Number of protein chains: 2
Amino acid sequence: MRIAVDAMGGDYAPKAIVEGVMLAKKEFPDIEFQLYGKESEIKKYVTDEHNIKVIHTDEKIESDDEPVRAIRRKKEASMVLAAKAVKDGEADAVFSAGNTGALLAAGLFIVGRIPNVERPGLMSTLPTFDEKKQGFDFIDMGANADNKPEHILQFGIMASHYAENVRKIANPRVGLLNNGSEESKGSELTKASFELLANEKSINFIGNVEARDILSGVADVIVTDGFTGNAVLKSIEGTALNIMSVLKSSILDSGAKGKLGAVLLKDALKNVKNGLDYSSYGGAVLFGLKAPVVKTHGSTGPEAVAYTIRQISVMLETKITDGLIEFYAERKKSENSNSI
Amino acid sequence: MRIAVDAMGGDYAPKAIVEGVMLAKKEFPDIEFQLYGKESEIKKYVTDEHNIKVIHTDEKIESDDEPVRAIRRKKEASMVLAAKAVKDGEADAVFSAGNTGALLAAGLFIVGRIPNVERPGLMSTLPTFDEKKQGFDFIDMGANADNKPEHILQFGIMASHYAENVRKIANPRVGLLNNGSEESKGSELTKASFELLANEKSINFIGNVEARDILSGVADVIVTDGFTGNAVLKSIEGTALNIMSVLKSSILDSGAKGKLGAVLLKDALKNVKNGLDYSSYGGAVLFGLKAPVVKTHGSTGPEAVAYTIRQISVMLETKITDGLIEFYAERKKSENSNSI
């Protein structure tokens, strides 16, 4: 396995990225890491050179660069070179903590789509607060601003493959995010998507789910259009952040009541934080491309980088992309033979 | 002022509803309350008969009734009679804690739309966690499953009127919920809505806002389509509920560490709860109808009922509906004269 790493993407790059790679190396000594970026900077953090290749480049994509333009103009940027390595067959997957939009563009224009997959979708495994705490795969979190029912169906198929193969969930339950759980509910888009999902034999579609219930483990995969997915994800984040800050003020205000109370509040805060933390599941996968293209938060530290590399290694090991390429090739063949 | 009250709607009806009316009566002795429902049940909780009329009916709409069918078939239901009272000029506003869908249908088919308002939208004032804690008016929270840009513009105009007149916020900032704050961002719907909002001189449009920031006081009014609004509202609720339950477990688990800790955690929990509680702002307004039609949570107690009645009284006092009727009549006139 060879992973192309954009070593210059993210708020703490290249330090956090390279340190994360060094952490991951201990678990996966056989993976070859190709680190794209400023060699002198990267080498500061390389503590073990075995299976590490550093490919020097001075150019990088900034977090506020306009995505498509950046990909087209900065041809020597670390992210672009990492994506090209996959395209040229020199690497098997791309990792970046950089500009999300630019990584989407690099994935789409350089790595390329799986034949017959119309639109890639951005997917993360988010936490659930039920007893199983198994999490759920949420797609599309914002790769698209407008989706058609056919895209939603493809998201469901891809994320179901992921849940089954990478997360090892047997017969994963696929739910459609909707404005009510009854079958008759929904917008034009969700009603048409419901039809397609209900008729799809390769997945275990369980019907509509409401945003109120997604964190409670109602489904293993939840599909929605990229606009709604983005709004829901950001609502969850915003709500959690605001509640955490109320809790933090409570800790500060409790000063007078003694140390013990503060300790207990801190424990509570930690419980909430741990419950919400989904970095151990890995990063966000740009699904529907010819190779795994995976993104972590720009602010993540070395541990989250290592988690994401573990995730990529499972995706490569289980050949999830090959499986999808085959699935869509078979489907196309049977569609063609049906139409003859 | 005369308020038609559906005394049979909600989980604790008629008790919580009538007790809430009794609370509100103390603050507003001049309001006439018309209580629709089972007379013998209602009278149990009427502690002061001044300005109280009980209109008996045996029929009521259940929470799981199919909304439109229920409104059409249960012609003597307490909710239907309350809406008819407004239509017939016998009351000035409708209050209900019953089936939301049925109340939307009753509002639309019995009370009727303001001329030239194409689609009513459901609006609540939600809490903000910034220093001002002024809250924001969120519309549409789910009256519609599909909206056009023209509807979004009308939501913005209506909610801006509300923020200015009822909540007394000068020159309220109107934001469009979008998948990025930059002007170029968005779906086909939000891009077209942005255009309309930016060209609307009667409101103070401040551009796009992201779901992550809405609880932090970025705008006084936030507009979106009913599908997205519903998903965002339910995401906020679901996230808050799950975090609260983690906090509660923390309290229970802290038992061994002594009473003080539990007390402090309870304080923290209370702070979070209070921060999230928006019942003091009143209920959800079905905006765009010829009279205020206002809904509170089915599970609310007497206090929330009283808050909602206060809200209705301010809406009537400030003649918010008349103002909108006039606004849209003027607009139609000037459109007609422009097109001549």
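Owing to the predicted nature of the structure, the values given are computational and were not obtained by experimental measurement.
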Crowded around [X] [atom1]? As in, over 12 foreign heavy atoms under 6.0 Å?
X: B/Glu62; atom1: CD; value: yes
X: B/Tyr12; atom1: OH; value: no
X: B/Glu182; atom1: CD; value: yes

- request: Kindly say whether A/Glu188 contributes a backbone atom to a donor-acceptor pair with the side chain of B/Asp146 at under 3.5 angstrom?
  value: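 Checking the backbone N and O of A/Glu188 against the side chain of B/Asp146, a donor-acceptor pair under 3.5 Å is found.
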query: By a 4.5 Å heavy-atom criterion (distance strictly below it), what part of B/Asn147 contacts chain A: side chain, backbone, both, or neither?
result: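 When you check distances to chain A, no heavy atom of B/Asn147 falls under 4.5 Å.
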task: Please state whether the side chain, the backbone, both or neither of B/Leu276 comes within less than 4.5 Å of a heavy atom of chain A.
output: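 It is the side chain, since no backbone atom gets that close.
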field: Residue-level contacts of residues 121-133 of chain B with chain A, using a heavy-atom cutoff under 4.5 Å
entry: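 Contacts with chain A: B/Phe129.
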- prompt: If you count heavy-atom pairs under 4.5 Å with chain B, which of A/Lys185, A/Glu210, A/Met244 comes out on top?
  reply: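 Answer, by heavy-atom pair count under 4.5 Å with chain B: A/Glu210.
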Go through [options] and name the one with the most non-hydrogen pairs under 4.5 angstrom from chain A.
options: B/Gly142, B/Ala145, B/Ser187; result: B/Ser187
options: B/Asp213, B/Leu247, B/Thr190; result: B/Leu247
options: B/Val246, B/Asn179, B/Leu177; result: B/Asn179
options: B/Leu269, B/Ile214, B/Asn178, B/Leu189; result: B/Asn178

field: Members of residues 222-243 of chain A whose heavy atoms come closer than 4.5 Å to chain B
entry: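 The residues closer than 4.5 Å to chain B, in numerical order, are A/Phe227, A/Thr228, A/Asn230, A/Ala231, A/Val232, A/Lys234, A/Ser235, A/Ile236, A/Glu237, A/Gly238, A/Thr239, A/Ala240, A/Asn242, A/Ile243.
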